[in-house]
Amino acid sequence: MNHDVRDLKLAAAGRLRIEWADRTMPVLRQIRERFASEQPLKGVRIAACLHVTTETGNLMRTLVAGGAEAALCASNPLSTQDEVAAALVAEYGVPTFAIKGEDNDTYYRHINAALDTKPNLTMDDGADLVTTIFSQRQDLSSGIVGGTEETTTGVIRLKSMAAHNVLKYPIVAVNDAQTKHMFDNRYGTGQSTVDGIIRATNLLMAGTRFVVIGYGWCGRGIAMRARGLGARVIVVEIDAVKGIEAVMDGYDVMPMADAAGIGDVFVTVTGNKNVIRKEHFASMKDGAIVCNSGHFNVELDIPGLTALSTAEREVRPFVREFRLGNGRVVFLLAEGRLINLSAAEGHPAAVMDMSFANQALSAEFLVRNAGSLERKVYPVPAAIDQEIARLKLASMGIAIDTLTPEQEEYLRSWQEGT
Ligand SMILES: NC(=O)c1ccc[n+]([C@@H]2O[C@H](COP(=O)([O-])OP(=O)(O)OC[C@H]3O[C@@H](n4cnc5c(N)ncnc54)[C@H](O)[C@@H]3O)[C@@H](O)[C@H]2O)c1
């Protein structure tokens, strides 16, 4: 079987970790059991470009159980867990192309290796498969019935492709499911970003001035968890509604130019580019820590930081010190790549359970509806969202109420005014 991973001897350790994650992924497990008996993906070739983590390992197992032939490559050069990649190849028979720390050329070689399997379905986290197909391998698109997209940045790109009429096949925006972004982006990114910063630096959060740039789903979660550990949180936004929300959530809100000189730690999660620029780095305090948890590291102007610096060195794993011309130092974590996936393990499995349940059920939806969908970005069907929430609650042993017939009638009627 074709593959490219760091070391197949890591497979046994990877299997243990994948099984550990599976313990807290009960929704995906139930889907896997159903897939195994119903085979909804029988004979479907799937190319997945996702963070190669334990949770992704369990998604791959689910797709394979459903009858698919799945191949996997990484959606970020630094997020791969090498033992998981090894286990997928040696223990689960999934062709995997991913090595933590791979260079840019290898990263794209791996994307192309996954595409060489001539997929009928693509699964993206950041739209790299779709954009590679569009820019270099258009011949593949006629064989593809659809694709899924995991993250905000990818959905934005794909919607832009659809608006410009260049999208070649239908996409389901998994990120936009309520059971995905309200939990994964908020609680998953919130906890794991703080985890990544702490693992990289061993920083005491209590009392630090912690600047969150972007108060969307991810930013809300990061701000909430940083505050929980005693950090004094500052929010930077460009959207007035998000700005007022952050104020009423109790945070200081100010422009980046003002926050730059105050913060001890900076985290970008905007999905935008050059959010922290040269002039901001130049006004930071000595020892400021800068990282990114948005999809691409272009959120930070790293060339600008390099240009300001007279010397650079690695002081700990994932911590690079930049000595600026003004005599101060700034620490950049994990090359500005997703800090939670680079320096920690990414989101906990319990939250990826819902995200990847959406992936598996969206794949089934695309196969079932092959040929009848347009070249558009579709939401995850509401019934799937509701079903995942119901299964998750049930797995936690939590029940909710149901409407009485009288209440149903009351909510349906326009005549009942009192
Ligand atoms: N680290 C992870 O594991 C992880 C998980 C999910 C999503 N993401 C990524 O994180 C990023 C954010 O995702 P989200 O779901 O929170 O998106 P979102 O759209 O909910 O929030 C982004 C916020 O950033 C703000 N913003 C944009 N430009 C800005 C600027 N220049 N300055 C300040 N604020 C600005 C927007 O107004 C918005 O409120 C995306 O790139 C997404 O793909 C990462």
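For ligands, and for the atoms within them, numbers begin at 1 and follow the listed sequence.
- Using a cutoff of 4.0 Å between basic side-chain nitrogens and carboxylate oxygens, R17 and E83 are scored as salt-bridged.
- The side-chain hydrogen bond (donor to acceptor under 3.5 Å, both in side chains) test applied to R186 returns no partner, not counting sequence neighbours.
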Quick check for students: name every N or O atom pair between ligand 1 and the protein closer than 3.5 Å, with distances.
from, atom 1, to, atom 2, distance (Å)
ligand 1, 1 (N), S293, O, 2.8
ligand 1, 1 (N), S293, OG, 3.1
ligand 1, 1 (N), N340, OD1, 3.1
ligand 1, 1 (N), N340, ND2, 3.3
ligand 1, 3 (O), N340, ND2, 2.8
ligand 1, 13 (O), T152, OG1, 3.4
ligand 1, 15 (O), T152, OG1, 2.7
ligand 1, 15 (O), N185, ND2, 2.9
ligand 1, 16 (O), W217, N, 3.2
ligand 1, 16 (O), C218, N, 2.9
ligand 1, 20 (O), W217, N, 3.1
ligand 1, 28 (N), N272, ND2, 3.1
ligand 1, 37 (O), E237, OE1, 2.8
ligand 1, 37 (O), E237, OE2, 3.4
ligand 1, 39 (O), E237, OE2, 2.5
ligand 1, 39 (O), K242, NZ, 3.0
ligand 1, 41 (O), T153, OG1, 2.5
ligand 1, 41 (O), H295, N, 3.0
ligand 1, 43 (O), T151, OG1, 2.6
ligand 1, 43 (O), T153, N, 3.1
ligand 1, 43 (O), T153, OG1, 3.3

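- Every side-chain hydrogen bond (donor to acceptor under 3.5 Å, both in side chains) that E19 has, sequence neighbours left out, goes to R15.
- Salt bridge annotation for R6-D82: present, with a cationic side-chain nitrogen under 4.0 angstrom from a carboxylate oxygen.
- The pair D116-R137 counts as a salt bridge, with a side-chain nitrogen and a carboxylate oxygen less than 4.0 angstrom apart.
- Partners of E387 under the side-chain hydrogen bond (donor to acceptor under 3.5 Å, both in side chains) rule, at least two apart in sequence or in another chain, are R390.
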